[in-house]
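The chain is numbered in sequence order, starting from 1.
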Amino acid sequence: MKTQMPKTTSVINITSPIKRACQSCLVLVHCLQNIKRSIFAFLFCLPTSLLALVLILLLAYNGFSVFYIQVPFPAKTPPEPAGLSSEKLPEKSLEKLSSSLLYVVKEENLRPILKTQLALLQERTISMRPTNRSSVLRPRKVNQRRAVIKLLRVEAQSKRFSRRLRDFIEKSECKIRFFMTWISSFESFGDRELLSIESLFKSHPNACLVVVSDSLASKRGRLVFKPFMDKGLRVTTIKPDYDYLFEGTPAESWFKRLKKGSVDPGEVSLGQNLSNLLRLALLYKFGGVYMDTDVVVLRSFCNITNAIGAQNIDLQTGNWSRLNNAVLIFDKGHPLVLKFIEEFALTFDGNKWGHNGPYLVSRVVSRVNGRPGFNNFTVLPPSAFYPVNWSRIRGLFASPRSKLHSKWIHKKLEQIRKESLAVHLWNKQSRKIAVEKGSIINHIMLDCCIFCNSSTLSSRRRISD
C-alpha cells in the first residue's frame with residue numbers, strides 16, 4: 001500500500017506571491033502616509049498669511065470657473081454745452097450718460113441681462129475682456145432706438161419748414177396765430193381733434209392754424225383738412241425742422257446730445273416730451289397761441305396776451321398750486337418762454353410723466369414770479385381753460401340720469417359758457433368715453449361745430465343714445 005505525501009509544499013508555493021504583494025502594498029501605503037505627513041508638516045511651517053493667500057487663490061479660481069465678469073469701461077464724458085455751466089445745474093440736473101453710441105439701441109429678441117451684469121458662460125472658459133458700457137443694453141430701452149431713428153428721419157426731411165411757415169403767415173394775413181403739434185400717427189388723429197379745430201375756427205374765423213406734424217403733413221393729412229380749406233379757413237400742416245426751431249436756444253445743445261445718444265430719452269414717450277419742447281420753440285420763434293388737440297375753444301382769445309392757465313388752486317390761500325401747458329399765449333421772444341426752454345434742457349427727465357410739461361412751467365413760474373423782467377405775463381384761473389379737473393372729466397360726457405342731475409348739467413354748462421375760454425378734455429382719461437346725448441360735451445359740440453349739418457365730418461362723431 002502506497003503512502004500519500006502531504007501537500008504542504010504546494011500550499012506554500014501558492015500563497016507566497018500573495019503574501020509578497022500584500023507586503024508591497026503595506027510598504028506603499030506607509031510611504032504615502034510619510035509623504036502626507038511631510039506635506040502637512042511643510043504647510044504648518046509656512047506663515048499663516050501665505051496659507052490664507054493660497055486658499056483665496058483657490059477660491060477665486062473656483063469662482064472664475066463658473067462665472068466671468070463683464071467690466072464696463074465708461075467712455076469719455078461728452079463736453080458740457082456752451083453757456084450751460086455746472087454751477088447753473090440744479091440738484092436734479094440732466095444726467096450725462098457716457099456712451100459713444102445711442103443708448104436707445106435695442107436689438108430684436110435680445111436676451112435679458114441680469115442686474116448684476118454677470119452672464120453665465122456657455123463654455124467653461126474664463127473671459128476678462130473689457131466691454132463698452134454702451135454695448136450692455138438695458139431691458140427698459142425696448143423701442144427707443146426706433147423712436148430716435150424716426151425722429152432723425154423726420155428732421156432730415158423738413159428743411160423747408162422756415163420758408164413754408166413764413167410764406168403761410170405772410171400770405172394769410174392772420175389776425176391771430178394758432179399752433180398745434182401732432183407727433184402721433186395719422187390713424188390716431190380722430191373726432192376729438194377735429195372738434196378742437198372746428199371750435200378754434202368757430203371762435204376765430206380770421207385765425208391761422210399751423211399743425212406741426214410729420215404724419216399729417218402728407219397727402220392723407222391734407223385730405224383731412226380739405227373741408228376747412230374749402231370754407232376759406234387758413235390751416236396748413238408742416239413737418240417739423242427741429243434744428244431750425246431749436247437754433248439759438250438752450251434746446252439746441254440738448255437736441256444735439258439727444259441725437260448723439262448722450263441723453264437718455266427715458267420711458268415716457270419721446271414724442272410727448274418733444275411736443276412739450278416744440279410748442280415752446282414755436283412760441284419763442286413766432287409768437288401766438290399754442291393749444292393741445294384735446295382743447296375745445298368756447299370764446300375768442302384775441303384780447304389775451306402773455307398768459308398761462310392754472311390747473312389747480314389752493315382753496316385756503318387762493319393761490320395757484322399747479323399750472324398747465326395745454327394752452328399757452330405768448331408774444332415772440334418772451335423771456336418767460338425762453339426760461340421754459342432753458343429749464344427743459346437743464347432738467348430733462350424722460351422717466352417722469354409731466355416733469356417736462358405741466359410741472360416744468362409750474363417750477364419756472366414759481367421761481368421767477370416777482371423777479372425783474374418777468375412781470376409781463378398773467379396766470380389765468382382754472383376756470384379759463386381747465387374748468388373740470390381730469391379726475392372728474394367723465395361727468396361732462398354723461399347724459400341726465402334724473403331731474404336733479406339734469407339741473408346740475410344745466411347749471412354747470414351755464415357756468416362754463418360764462419367763465420371759460422376753453423375746456424380741456426383730458427384725452428388721456430376721456431378718449432374712450434362715449435359722448436352721450438344731452439351731456440355737457442354734447443351741448444358744447446353743438447355750440448362749437450362748423451360742419452354741424454354736413455356729413456363731411458359729423459359722420460365721424462358717434463353720440464350714443
Tell me if a side-chain donor or acceptor on S420 pairs with a main-chain N or O of S383 at a distance below 3.5 Å.
yes

Checking E343 side chain against L360 main chain: does a donor-acceptor pair fall under 3.5 Å?
no

Below 4.5 Å, heavy atoms only, C-beta onward: do I308 and L380 meet side chain to side chain?
no

Does a side-chain heavy-atom distance below 4.5 Å link V268 with N273?
yes

Under 6.0 Å from the ring centre and within 45 degrees of the ring axis: does the NZ or CZ of K231 meet both conditions for the six-membered ring of F201?
no

Is it true that a side-chain atom of N369 and a backbone atom of V365 form a donor plus acceptor pair closer than 3.5 Å?
no

Tell me if the CD atom of E187 is crowded by more than 12 foreign heavy atoms within 6.0 Å.
yes

Are the side chains of V337 and E342 in touch, meaning some heavy atoms are under 4.5 Å apart?
no

Strictly distance-based, threshold 3.5 Å: is any side-chain N or O of D292 a donor or acceptor partner for the main-chain N or O of D294?
no

side-chain contact (heavy atoms from CB on, under 4.5 Å) evaluation trace for Y290 with T181:
CA-CA 9 Å; Y290 170 81; T181 63; 3.4 Å; yes

I'd like to check W426 versus N389 (side-chain heavy atoms, cut-off strictly below 4.5 Å). Are they in contact?
no

H405 side chain to R401 backbone, donor-acceptor under 3.5 Å
yes

Side-chain contact, heavy-atom cut-off 4.5 Å: V210 with M180?
no

Quick check on side chain to side chain contact (heavy atoms under 4.5 Å, CB included): which of I444, T293, V295, I441 does L425 satisfy it with?
I441

Look at the rings of Y244 and F286 and say which category their plane angle falls in: under 30° parallel, 30 to 60° tilted, over 60° perpendicular.
tilted

Does any N or O in the side chain of R177 come within less than 3.5 Å of the main-chain N or O of G287, such that one atom is a donor and the other an acceptor?
yes

Can you tell me how the ring of F228 sits relative to the ring of F451, calling it parallel under 30°, perpendicular over 60° and tilted otherwise?
perpendicular

Side chains of Q272 and N356: closer than 4.5 Å at any heavy-atom pair?
no

Would a 4.5 Å heavy-atom cut-off, applied to side chains only, mark E436 and N442 as touching?
no

Assert yes or no for the condition that the ring centre distance of F255 to F246 is strictly below 6.0 Å.
yes

Does a sphere of radius 6.0 Å around CH2 in W390 hold more than 12 heavy atoms from other residues, nucleotides or ligands, not counting ones at 6.0 Å or beyond?
no

Taking side-chain hydrogen bond (donor to acceptor under 3.5 Å, both in side chains) as the cut-off, I'd like each qualifying pair that reaches into residues 301-311, sequence neighbours left out, listed once.
N306-D331, Q311-N324

Given side-chain contact (heavy atoms from CB on, under 4.5 Å), test D447 with L298 step by step and report yes or no.
CA-CA 8 Å; D447 291 343; L298 304 180; over 6 Å; no

Looking at the rings of H334 and Y284, which for Trp means the six-membered one, are their centres under 6.0 Å apart?
no

Taking the basic N atoms (NZ, or NE/NH1/NH2) and the acidic carboxylate oxygens, is any pair closer than 4.0 Å for E414 and K418?
no

Short question: side chain of S188, backbone of S184 - any donor-acceptor pair under 3.5 Å?
no

Taking all non-hydrogen atoms of both residues into account, name the closest pair between I393 and F397 and its distance.
O-CD1, 3.3 Å

Side-chain donor/acceptor of K202 to backbone N/O of C449, under 3.5 Å:
yes

Who are the ring-ring contact (aromatic ring centres under 6.0 Å, His included) partners of F385, not counting sequence neighbours?
F301

One pair to check against side-chain contact (heavy atoms from CB on, under 4.5 Å): R279 and N276. What are the steps and the verdict?
CA-CA 6 Å; R279 69 190 66 181; N276 287 325; 3.6 Å; yes

Begin with the C-alpha distance, continue with both residues' side-chain angles, and end with the deciding distance and a verdict on salt bridge (Lys or Arg N to Asp or Glu O under 4.0 Å) for D314 and R322.
CA-CA 9 Å; D314 188 327; R322 183 188 298 177; over 6 Å; no

Check E193 with R431, please: is the shortest side-chain N to carboxylate O separation under 4.0 Å?
yes

Side-chain H-bond candidate by donor/acceptor type, S215 with R220, under 3.5 Å:
no

Within a radius of less than 6.0 Å around CG of L404, do more than 12 heavy atoms belonging to other residues, nucleotides or ligands occur?
no

Short side-chain to backbone donor-acceptor contact, R417 and L413, under 3.5 Å:
no

Taking C-beta and beyond as the side chain, do S213 and K239 meet within less than 4.5 Å on heavy atoms?
no

S203 side chain vs L200 backbone, donor-acceptor pair below 3.5 Å
no

Go through it in stages, so that I can follow the logic: the residues are T236 and R222, the test is side-chain contact (heavy atoms from CB on, under 4.5 Å), and I'd like the CA-CA distance, side-chain angles, deciding distance and then a yes or no.
CA-CA 8 Å; T236 188; R222 284 187 280 272; over 6 Å; no

